[in-house]
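These notes concern the structure reproduced below.
All figures in this text were calculated on a predicted structure; none of them were measured in a lab. Each chain gets a letter, A, B and so on, in the order the sequences are listed, and its residues count up from 1.
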Amino acid sequence: AQKITQTQPGMFVQEKEAVTLDCTYDTSDQSYGLFWYKQPSSGEMIFLIYQGSYDEQNATEGRYSLNFQKARKSANLVISASQLGDSAMYFCAMRVRENYGGATNKLIFGTGTLLAVQP
Amino acid sequence: DGGITQSPKYLFRKEGQNVTLSCEQNLNHDAMYWYRQDPGQGLRLIYYSQIVNDFQKGDIAEGYSVSREKKESFPLTVTSAQKNPTAFYLCASTQGQGEAFFGQGTRLTVV
């Protein structure tokens, strides 16, 4: 079954420190994509970073990096130099291809990690 | 500006009523999705559609229905068969391998 697992319901981090948010996934597909989104209390979903299953290098976007370990099926998000504005819910997501006669992309999410940055 | 528009932002429903949540995108994206989010929870997939006039059930489709008559529109109807519809509903769209773009969400409350 295709599944995203985030085992950390909540995390605390001190301002200016780095934090790692865990994400493991399960799929039998060879081609898939992994995403991280941030959801502040306002409810909007903000795209942070993307990793394709065939990408050999870990993705980076500013203070965000994705630690992609394909054999272990993990895609952890690393936030460096945490800021107070990083306090939010963080979701890991996976895009897989489904074939049912046609073909479609299916995008599934984990349960999220609530990050609190302390001054 | 291109984006996804969900309306209304807040919706109140009496028990036994059907209500329809609107989702419109002008990004020319092929795929569209509906998710439900309960407080402190993740996003659960209700329905998704890759092309016009075709859609698939997600993990929690019971009590919901959708249509995809136009590429840019993917309305969600919450029927009276959905016993616990109070939640935050998010619509999203994607194109190819790209990231999902989301609407601002609709908060549905049963009164």
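- Of all the listed residues (A/Met45, A/Gln6, A/Glu44), the one sharing the greatest number of non-hydrogen pairs under 4.5 Å with chain B is A/Met45.
- Aromatic rings of A/Tyr37 and B/Phe102 (six-membered ring for Trp) have centroids within the 6.0 Å cut-off, being under it.
- Using modelled atom types, one finds no donor on one side chain facing an acceptor on the other under 3.5 Å when comparing B/Arg68 with B/Asn53.
- Ranked by heavy-atom pairs under 4.5 Å with chain B, the first of A/Ser31, A/Gly43, A/Gly33 is A/Gly43.
- Only the side chain of B/Leu45 comes within less than 4.5 Å of a heavy atom in chain A; its backbone stays farther off.
- For B/Glu99, the parts lying near chain A are the backbone and the side chain together; criterion is any non-hydrogen pair under 4.5 Å.
- Chain A forms the most heavy-atom pairs under 4.5 Å with one residue out of B/Gly103, B/Ala100, B/Gly105, and that residue is B/Ala100.
- For chain B, the nearby part of A/Gln39 is the side chain; its heavy atoms alone come within less than 4.5 Å.
- For B/Tyr47 and B/Tyr64, the gap between ring centers reaches or exceeds 6.0 Å.
- At least one side-chain heavy atom of B/Leu76 sits under 4.5 Å from a side-chain heavy atom of B/Tyr89.
- Between A/Asp29 and A/Arg97 there is no salt bridge, since none of the side-chain N atoms of the basic residue sits less than 4.0 Å from a carboxylate O of the acidic one.
- Interface remark: B/Asp59 contributes side-chain atoms only to the contact with chain A (heavy atom separation under 4.5 Å).
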